[in-house]
Amino acid sequence: MNNIQSHFGPHLQQMDRSSRIISLLDKVCMKIEPSQHQYDLAEERYLAVGKWIAGAADDLLQNSSICVQGSFATSTAIRPPEQSEYDVDLLCYVPNDDLSLQPISLKKALGDRLRQHATYGKMLEEKARCWRLNYANEFHMDITPAIPNQACQNGGCLVPDKELRRWKESNPRGYSKLFKARAALEPRFEKYESFGIESAHDSVEPFPKRKEMQGFLRRIVQLSKFSRDFYFSKKSIALWPISIIITTLTSRSYEFCVGKYVFQDELDLLCKVVEHMPDTISCKDGISWQILNETTTGENFAEKWNTDPERAKAFFAWHQKFLEDLRKLRVSVGLDVIRKDLSDSFGVEAVTEVFDDITTEVSSARQKQKLAVSAELGLTTDSSCRAIIPKNTFYGFVQER
C-alpha cells in the first residue's frame with residue numbers, strides 16, 4: 001500500500017478526490033432521475049396508450065405506431081424544477097405521406113381517439129402541438145402526431161408547428177440513434193483503464209430500458225440540465241436553453257473530446273466536455289443562430305434565439321457559470337467545502353439528500369468499525385481509498401431490475 005501511494009504521490013490523491021466528487025455527482029443524478037418503479041410505470045402506461053391509439057377506427061389513424069422521443073428515449077430524464085412529475089414525450093407516427101393532410105386535422109383525430117377512452121378522456125389536456133395525458137404525481141405524457149418526411153433519407157418525419165398551419169421537419173428516431181452511438185464511445189484515461197458496461201404490440205416500439213442510463217455522456221447531459229434548472233430558477237425560466245439544445249451540444253462535444261483527448265480523470269472529462277459545448281453553435285452576422293439537427297434537414301433547435309436574442313445571451317451566461325462551478329470543484333477539498341460548492345451549483349435539496357445518505361453510511365460504518373480517513377475528503381466508508389486506483393463511477397451505475 002505504501003509503495004503504491006509513494007509511487008503515484010499527489011496524482012493519486014487528485015484522482016481519489018476527483019473520483020469521489022464524480023461519485024457525489026452521480027448520487028445527485030440518482031436523486032433527480034426516474035426510479036426503476038417510475039420507469040416500469042411509464043412503460044406500462046406507454047404500452048397501453050399505444051395499443052389504444054392503434055385500435056382507432058378513424059382512417060387518419062390507420063396503421064399508426066407510437067414511439068418514445070425526448071429525454072426518455074436518450075435515458076437522460078430528470079425531474080423538472082419544483083415538480084414531482086416527469087415529462088414523457090411520445091410520437092404518434094401515421095404512415096400517410098399526403099402533404100395535403102392538415103396538421104390540425106390529424107391532431108384532432110388523435111385527440112378524439114383519446115377522448116373515447118374512459119380514463120384518458122378525464123386526463124386529457126390540449127397543448128399547442130400535442131395532447132397531454134396528466135398522470136397525477138407520476139408524469140405528463142405528451143403525444144405529438146407525425147407523418148413521413150419523404151424528403152429525408154434518414155427516416156425523418158414531419159410534425160405540426162405551433163400554430164398547426166404547416167408541417168415542420170423532425171427526426172426523433174434518428175436523433176436517438178445518433179445519441180446512443182455517441183454515448184457508446186469510450187474515453188481514454190492517463191493512469192487507469194475504463195471499466196466497460198458492461199414484447200409490445202406491433203404498433204408500439206419497445207420502451208427504453210433504464211439500464212441504458214449508465215455511461216458518461218448521459219450523466220453529463222443530466223448534470224448540465226440540472227445546472228440549467230437551478231441557474232434559471234433564480235432568473236427567468238422563460239429564457240433557459242431547451243433540453244434538446246443542451247443534449248445536442250453535449251453529445252457533439254463528447255464525441256469531439258473522446259476522439260481528441262486522453263483525460264486525467266473523470267472530472268477532467270466532465271470539464272472538457274462542458275467547455276467545448278458551444279463549439280458547434282454557428283451564428284451569421286451576429287443575428288442568425290443555428291444549432292441544426294444533424295439527422296434531418298430544416299430543423300434548427302436555436303430558432304427561438306433568432307426572434308429573442310436574449311435567449312442566446314442567457315445560454316452563454318449559464319454555460320460560463322456551469323464551467324466555472326465545475327472547475328471550482330476540481331480544487332475543492334473537504335466534504336464541507338464540496339457540499340457547499342455542489343449546493344451552489346445544483347441547489348440545496350438534492351445535495352442535502354445525498355449527504356444525509358452519506359451521514360447514515362458513516363454512522364453505520366462507525367458501528368461496524370469500517371470507518372476510514374481520507375486526507376482529501378475526511379471520513380469515508382472506503383478503508384482502502386488511499387491505495388486503490390478508483391474505478392470509473394459513471395460506467396458503474398446500474399440499478400438492478
E33 and R219 ion-paired at < 4.0 Å: yes

For R188 against G259, the heavy-atom pair lying closest together: NH2-O, 3.9 Å

Evaluation steps, side chain to side chain donor-acceptor pair (under 3.5 Å), between N149 and E169: CA-CA 7 Å; N149 180 5; E169 296 85 354; 5.4 Å; no

Pair S176-L178, side chain to side chain contact (heavy atoms under 4.5 Å, CB included): steps then yes or no: CA-CA 5 Å; S176 178; L178 177 60; over 6 Å; no

Any donor-acceptor pair under 3.5 Å from R228 side chain to P241 backbone: yes

Whether F216 and F189 hold their rings parallel, tilted or perpendicular, with breakpoints at 30° and 60°: tilted

Plane angle bin for Y135 and F139 - parallel if under 30°, tilted between 30 and 60°, otherwise perpendicular: tilted

Nearest heavy atoms of P95 and N63, plus distance in Å: CD-O, 3.2 Å

Minimum heavy-atom distance between P187 and Y254, given as atom pair plus value: CD-OH, 3.4 Å

Within-4.5 Å side-chain heavy-atom neighbours: L60 and L101: yes

Donor-acceptor side-chain pairing of T280 and R252 below 3.5 angstrom: yes

Main-chain N/O of A56 paired with Q62 side-chain donor or acceptor, under 3.5 Å: yes

Q150 atom CD, over 12 foreign heavy atoms within 6.0 Å: yes

4.5 Å side-chain heavy-atom contact, V49 and I66: yes

Presence of salt bridge, E294 and R182, under 4.0 angstrom: yes

Side chain to side chain, V354 and V351, heavy atoms closer than 4.5 Å: no

Test log, rule side chain to side chain donor-acceptor pair (under 3.5 Å), inputs S282 and W289: CA-CA 6 Å; S282 65; W289 296 94; over 6 Å; no

Residues E126, K107: salt bridge by 4.0 Å N-O rule: yes

Heavy-atom closest contact (G70 atom, D89 atom, distance): CA-OD2, 4.4 Å

Backbone N/O of N137 and side chain of E85: donor-acceptor pair under 3.5 Å: yes

Side chain to side chain donor-acceptor pair (under 3.5 Å) assessment of T247 paired with Y175: CA-CA 10 Å; T247 304; Y175 184 94; 4.9 Å; no

More than 12 heavy atoms of other groups within 6.0 Å of D336 CG: no

Residue pair T74, V221: steps toward the side chain to side chain contact (heavy atoms under 4.5 Å, CB included) verdict: CA-CA 10 Å; T74 56; V221 171; over 6 Å; no

Under 3.5 Å: donor-acceptor pair, side chain of W167, backbone of A146: no

Backbone of E299 reached by a side-chain donor or acceptor of N293 within 3.5 Å: no

salt_bridge(E353, K27) N-O dist < 4.0 Å: no

Salt-bridge contact K321-D325 (side-chain N to carboxylate O under 4.0 Å): yes

salt_bridge(R129, D161) N-O dist < 4.0 Å: no

R173 to Y93, cation-pi by 6.0 Å centre distance and 45° axis angle: yes

Non-hydrogen side-chain atoms of C92 and S64 separated by less than 4.5 Å: yes

Verdict with supporting geometry, D344 and R339, salt bridge (Lys or Arg N to Asp or Glu O under 4.0 Å): CA-CA 9 Å; D344 290 343; R339 178 173 183 167; over 6 Å; no

Side-chain heavy-atom pair K225, S71 within 4.5 angstrom cut-off: yes

Parallel, tilted or perpendicular, as decided by the 30° and 60° cut-offs, for the rings of Y261 and F263: tilted

Distance-minimising heavy-atom pair for H276 and C257: CD2-SG, 3.6 Å

Donor-acceptor pair, side chain of S332 and main chain of K328, under 3.5 angstrom: yes

Heavy-atom neighbours of I237 CD1 exceed 12 at 6.0 Å: yes

Evaluation steps, side chain to side chain contact (heavy atoms under 4.5 Å, CB included), between D279 and L249: CA-CA 8 Å; D279 289 1; L249 297 180; over 6 Å; no

Short side-chain to backbone donor-acceptor contact, S253 and T250, under 3.5 Å: no

Geometric class of the F72/Y86 ring pair [parallel <30°, tilted 30-60°, perpendicular >60°]: perpendicular

SB check R45 E43 (cutoff 4.0 Å): no

V258 side chain near L217 side chain, heavy-atom distance below 4.5 Å: no

Pair K304 + E310, salt bridge at N-O below 4.0 Å: no

Chi angles and distances behind the side chain to side chain contact (heavy atoms under 4.5 Å, CB included) call for I338, V333: CA-CA 7 Å; I338 293 172; V333 177; over 6 Å; no

Backbone N/O of N171 and side chain of N154: donor-acceptor pair under 3.5 Å: no

S23 side chain to S19 backbone, donor-acceptor under 3.5 Å: no

Cationic tip of R311 above W305 ring, under 6.0 Å, 45° of axis: no

Shortest non-hydrogen contact from P278 toward E275: CD-O, 3.4 Å

Side chains of L114 and I143 in contact at under 4.5 Å (non-hydrogen atoms): yes

L90 side chain reached by Q69 side chain, heavy atoms, under 4.5 Å: no

cation_pi(K235, Y231) dist<6.0 Å, angle<=45: yes

Any donor-acceptor pair under 3.5 Å from T352 side chain to V348 backbone: yes

Check against side chain to side chain donor-acceptor pair (under 3.5 Å), D40 and Q36: CA-CA 6 Å; D40 291 342; Q36 185 62 61; 3.0 Å; yes

Test: K31 and E349 ion pair at under 4.0 Å: no

